[in-house]
2 protein chains.
Amino acid sequence: MNNLFKALNDPTRRQILDLLRGGDLNAGDIAERFDMTKPSISHHLDLLRQAGLVESVKQGQFINYSLNTTVLDELLAWLMSFQKTESPSAEIKTSEPTR
Amino acid sequence: MNNLFKALNDPTRRQILDLLRGGDLNAGDIAERFDMTKPSISHHLDLLRQAGLVESVKQGQFINYSLNTTVLDELLAWLMSFQKTESPSAEIKTSEPTR
DNA sequence: CCATTAATTAGATAGTTGTCTAAATGATTA
DNA sequence: TAATCATTTAGACAACTATCTAATTAATGG
């Protein structure tokens with residue numbers, strides 16, 4: 001969970017995730033879309049991989065990166081638990097149909 | 001969105017959020033539950049407030065903190081959009097339908 | 001087998017972050 | 001008004017992060 005939040009806490013990495021929604025890409029193709037050197041992008045990809053958000057497969061000379069959204073399920077569950085656990089004081093508010 | 005990810009990228013701050021699910025607390029009560037000085041907790045509370053995750057209301061000598069989960073909706077939407085946008089290639093797997 | 005290409009690793013550096021202690025602010029009460 | 005209590009602000013510092021350039025590894029094609 002820690003690695004996940006860490007990975008998501010950077011705009012470049014989130015952009016990479018968004019990019020990969022359009023389909024798999026190799027490292028060079030990803031780097032091309034950013035105003036940043038390849039080693040920097042390589043580093044970001046590494047952090048995304050550590051968090052399990054992307055997977056990499058070597059294909060000849062290239063390394064192909066793909067999205068893995070299953071890790072996000074954990075985060076999704078955590079988030080949704082907040083929606084459910086509405087603070088008790090919220091009950092009175094206006095006139096919510098309690099259920 | 002940036003501030004939100006930043007705020008969530010720390011275990012202490014996430015614990016504070018979890019704490020506040022049980023009900024509002026003042027700064028001192030929050031600090032008491034952590035093995036950390038009050039100024040440090042104050043700093044964390046500030047970041048949470050900047051992200052809109054908590055709200056603070058001064059009540060006499062005390063400052064009361066409460067959870068505000070509405071900010072998480074944005075994050076929730078972002079996350080769910082990943083679930084929907086399953087990578088197109090996942091459909092057939094074996095023989096790519098070139099188009 | 002050499003040159004080229006793709007990508008990573010290594011090492012350096014500036015900027016950010018989490019934590020602390022000390023000081024300041026603001027409210028309460030004797 | 002002076003002392004106390006709750007909290008924040010200020011300033012310092014070590015650890016971490018994002019980025020760069022240079023060097024390395026590994027695959028491909030002449």
Q: B:L47 has an atom CG; how far is it from atom C1' of C:dT16, in whole Å?
A: 12 Å

Q: In this structure, how many angstroms lie between the C1' atom of C:dA7 and the CG atom of A:D29, rounded?
A: 12 Å

Q: Ignoring the backbone of A:S42, work out which of D:dC20, C:dT8, D:dT9 is nearest its side chain.
A: C:dT8

Q: Restricting to pairs with a member in residues 3-47 of chain B, which pass ring pair (Phe, Tyr, Trp, His ring centres under 6.0 Å), not counting sequence neighbours?
A: B:F5-B:W78

Q: Output the rounded distance in Å from CD1 (A:I63) to P (D:dT28).
A: 12 Å

Q: Quick one: does any side-chain atom of A:R14 pair with a main-chain N or O of A:A7 as donor and acceptor, under 3.5 Å?
A: no

Q: State, yes or no, whether a side-chain contact exists between B:N64 and B:L25 at a heavy-atom distance under 4.5 Å.
A: no

Q: From the set C:dT19, D:dT8, C:dT8, return the single nucleotide nearest to any side-chain atom of A:K38.
A: C:dT8

Q: Calculate the interatomic distance between B:N2 atom CG and C:dT16 atom C1'; express it in whole Å.
A: 13 Å

Q: Establish, with yes or no, whether the OP1 or OP2 oxygen of D:dA6 is under 4.0 angstrom from a side-chain nitrogen or oxygen of B:Y65.
A: no

Q: Figure out the CD1/P separation between A:I41 and D:dA18, and round it to whole Å.
A: 12 Å

Q: Rounding to an integer number of Å, can you tell me how far A:Q50 CD sits from C:dT8 C1'?
A: 14 Å

Q: Considering only heavy atoms from C-beta outward, does the side chain of A:L8 approach that of B:L8 to under 4.5 Å?
A: no

Q: Which nucleotide wins on minimum distance to the side chain of B:H44, given the candidates C:dA7, C:dG18, D:dA18?
A: C:dG18

Q: Do the side chains of A:Y65 and A:D29 get nearer than 4.5 Å, heavy atoms only?
A: no

Q: Please confirm whether the shortest side-chain N or O distance from B:T37 to OP1 or OP2 of C:dC20 is below 4.0 Å.
A: yes

Q: When you get a sec, tell me which of D:dT8, D:dC20, C:dC20 is the closest nucleotide to the side chain of A:S40?
A: D:dC20

Q: D:dT7, OP1 or OP2 - any side-chain N/O from B:N26 closer than 4.0 Å?
A: yes

Q: Given side chains that start at C-beta, do those of B:P11 and A:M1 come closer than 4.5 Å, heavy atoms only?
A: no

Q: Please list all pairs meeting salt bridge (Lys or Arg N to Asp or Glu O under 4.0 Å) that have one or both residues in residues 52-78 of chain A, counting only residues at least two apart or in different chains.
A: none

Q: Between atom NZ in A:K6 and atom P in C:dT17, what is the gap in whole Å?
A: 14 Å

Q: Scan B:D46 against the nucleic acid and name what it touches under 4.0 Å (heavy atoms): base, sugar-phosphate only, or nothing.
A: nothing

Q: Mark up nucleotides 24-30 of chain C, 5' to 3', with B wherever a protein heavy atom is under 4.0 angstrom from a base atom, S wherever such an atom reaches only the sugar-phosphate, and - elsewhere.
A: --BBS--

Q: Taking NE2 from A:H43 and P from C:dG11, how many angstroms apart are they, rounded to a whole number?
A: 16 Å

Q: Please compare A:N9 and A:L45 by the position of their nearest nucleotide in DNA chain C and report the one closer to 5'.
A: A:L45

